[in-house]
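Since the structure is predicted, the reported quantities are computational estimates derived from the model, not experimental observations.
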Amino acid sequence: MLQEFLRRFTGQKRSSDEAKKRLQFSLVYDKLEVNDTTLTDLQTDIVNVISKYFEIDQDALELKVKNDKDVSALVFNTPILHVKRKRA
């Protein structure tokens, strides 16, 4: 019980949750025929572009593919900590 409280307080994720997430990604991307390298490169590119304009919480970001019949959608979800302002 104390471990669960500390995990929630510090934001640590359980290894079983991470393993489940990786397995779900593997199943979806196998169906779409997307390899791990492509997925990692895509996530890196998306983070780099978004980071030009926003400071984001990279530890909490999620990259998902949602399927609905014949259509797939890429969903990128991340908390925005603040907007970066350009200096004039």
Side-chain angles (χ1 to χ4, degrees):
M1 187 163 148
L2 179 60
Q3 286 180 325
E4 183 64 27
F5 173 75
L6 292 174
R7 190 180 348 266
R8 286 184 184 185
F9 183 72
T10 61
Q12 291 178 341
K13 298 176 183 175
R14 294 189 315 208
S15 60
S16 62
D17 292 338
E18 289 297 314
K20 181 179 176 182
K21 183 177 174 181
R22 284 194 302 271
L23 178 59
Q24 288 173 336
F25 275 132
S26 295
L27 293 173
V28 169
Y29 297 120
D30 283 348
K31 183 177 179 182
L32 293 174
E33 298 178 4
V34 175
N35 63 35
D36 289 340
T37 303
T38 301
L39 180 63
T40 302
D41 291 346
L42 176 62
Q43 182 170 324
T44 300
D45 290 346
I46 292 171
V47 167
N48 288 338
V49 169
I50 292 174
S51 294
K52 288 182 182 180
Y53 305 97
F54 303 100
E55 183 178 333
I56 61 174
D57 183 355
Q58 293 188 22
D59 294 329
L61 65 86
E62 294 178 330
L63 182 64
K64 295 181 183 179
V65 175
K66 292 189 176 184
N67 295 311
D68 185 24
K69 295 185 182 179
D70 296 329
V71 179
S72 297
L74 179 67
V75 179
F76 185 83
N77 186 15
T78 185
I80 296 174
L81 302 176
H82 74 272
V83 176
K84 293 182 178 179
R85 303 285 182 208
K86 290 187 177 184
R87 295 182 182 168

Problem - Residues in side-chain contact (heavy atoms from CB on, under 4.5 Å) contact with Asp57, at least two apart in sequence or another chain - result: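 Applying side-chain contact (heavy atoms from CB on, under 4.5 Å) to Asp57 gives Asp59, Ala60, Pro79, Leu81.
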Exercise for the section: Look at the side-chain heavy atoms of Ile, Leu, Val, Met, Phe, Trp and Tyr, link any pair under 4.5 Å apart, and say whether Leu61 and Val75 land in one connected group. Expected result: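 Result: no, two separate clusters.
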Practice task
Enter the distance from Lys84:NZ to Glu55:CD here, rounded to the nearest 0.5 Å.
Solution key: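 One finds 6.5 Å between NZ of Lys84 and CD of Glu55.
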Handout entry: Residues that Gln58 engages under side-chain hydrogen bond (donor to acceptor under 3.5 Å, both in side chains), provided they are two or more places apart
Key =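 For Gln58 there are no side-chain hydrogen bond (donor to acceptor under 3.5 Å, both in side chains) partners, ignoring immediate neighbours.
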Using a 3.5 Å cut-off and no angle test, enumerate the donor-acceptor pairs between side-chain atoms of residues 42-50 and protein atoms at least two apart in sequence or in another chain.
unit_1 : atom_1 : unit_2 : atom_2 : d
Thr44  : OG1    : Thr40  : O      : 2.9
Asn48  : ND2    : Thr44  : O      : 3.2

Practice task
Report, as yes or no, whether the 6.0 Å neighbourhood of atom CZ on Phe76 holds more than 12 heavy atoms from other residues, nucleotides or ligands.
Solution key: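 Enclosed.
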